[in-house]
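Structure first, commentary second.
Predicted model only: the values in this text are computed from it and were never measured.
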Amino acid sequence: MSEMVRFSFALNARMQSFLDVRDALQCLEQARINGDYYAWLHAACDLRASLLGDLGRKTAVSEIVAILGVLQEELIRLAQEHPELCESIRSASNRIEGHMTSLQGGLSSAQNELVQDALLVNYYNAQKKQDLLGHRRCLPQSLPAIWTRHHERTETLREALQPLYETIVDMDNMLNDYVQWQYRTAHEGSDKITPDRQHQYGLLVVGLPVEQVATGIVPDMSGNHLAIRIRFQQWPPRAPAVDVSDAIDYAYMLVPVA
């Protein structure tokens, strides 16, 4: 298949915590690069909910460390089954050990940035009151001027988050390269995947070609580690979403890291 867009579906709460942090960090970095102040604020507040626990979420760092521990155990098992890969597996295991050590030391500096910065605090409080643009705080009027001096704010937070950035990027690469793609067809736009019950899976990744996603085709995934339903929808411009009735070829991988 050509270059693919990867859609991740967590099969347990621990993996969902990882995905929440991964997506928030990706959005935060993209917003920093583009100088998009609303996107940066929104991503920072979402990350705060994950790191400090809010909006029904557990604190994510302990969940991420637990996944790292499972990954390390899986690598040890793989090394026993594939001695020829011992050197690369040992290198990956050492990286995981380093990530666990850096995160177990805590992210107090990043957490302080997220709870003490006045702009973030005000936007976070506005979100909790369903004031999505911060009208009551006059954020639409003040943000363009405040953002002209944003460099210190964004760079300080990015530096404090660096251990987490490195961990999440490495984990994401490992999880997405852990098993090979398998291929299926969703007849009439719908399919059902039944994972092998002899294994514990924590993550489903569905892949679609970029050009297909560009037409508005996206998967809607639901279920758990016993059965996963995939329904493909199309999101056309200026029109409601519609269920796809054609056959959709897609790639997927079930990652046995729970």
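Looking at heavy atoms from C-beta onward, F7 lies in side-chain contact with M221 at the 4.5 angstrom threshold. Looking at heavy atoms from C-beta onward, L203 lies in side-chain contact with L175 at the 4.5 angstrom threshold. T167 is listed as a side-chain neighbour of S102, based on a closest heavy-atom distance under 4.5 Å. No side-chain heavy atom of M15 sits less than 4.5 Å from a side-chain heavy atom of S8. At a threshold of 4.5 Å between non-hydrogen side-chain atoms, the residues L164 and L25 count as touching. Between D23 and L47 there is no side-chain heavy-atom pair separated by less than 4.5 Å. Here the side chains of Y165 and L28 are in contact, with some heavy-atom distance below 4.5 Å.
Heavy-atom neighbours of W235 CH2 from other residues, nucleotides or ligands within 6.0 Å: at or below the threshold of 12. Open room surrounds CD on E159; 12 or fewer heavy atoms of other groups in view lie less than 6.0 Å from it.
With no hydrogens or angles considered, no side-chain donor-acceptor pair links N12 and H225 at under 3.5 Å. One side chain, D54 or Y124, offers a donor N or O that lies under 3.5 Å from an acceptor on the other. No donor-acceptor contact under 3.5 angstrom links the side chains of S142 and R137, judged on distance only. Donor-acceptor pairing under 3.5 Å is lacking for the side chains of S50 and D20.
Nearest heavy atom pair, residue P219 against residue I230, reads CB-CG2, 4.1 Å. Listed here is the closest heavy atom pair of D249 and L208: O-CD2, 3.9 Å.
The hydrophobic clustering, which links ILVMFWY residues whose side-chain heavy atoms are closer than 4.5 Å, places V169 and L103 apart.
Checked against side-chain hydrogen bond (donor to acceptor under 3.5 Å, both in side chains), R6 has the following partners two or more places apart in sequence or in another chain: N176. Residues forming a ring-ring contact (aromatic ring centres under 6.0 Å, His included) with F232 (at least two apart in sequence, or on another chain): Y250.
Expressed to the nearest 0.5 Å, how far CD of E29 lies from CG of L161 amounts to 10.0 Å.
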Evaluate the salt bridge (charged side-chain N to carboxylate O under 4.0 Å, His left out) criterion for residues E155 and R158: first the C-alpha distance (whole Å), next the side-chain angles of each, then the deciding distance (0.1 Å), finally the verdict.
-> CA-CA 5 Å; E155 291 302 323; R158 189 175 190 276; 5.3 Å; no
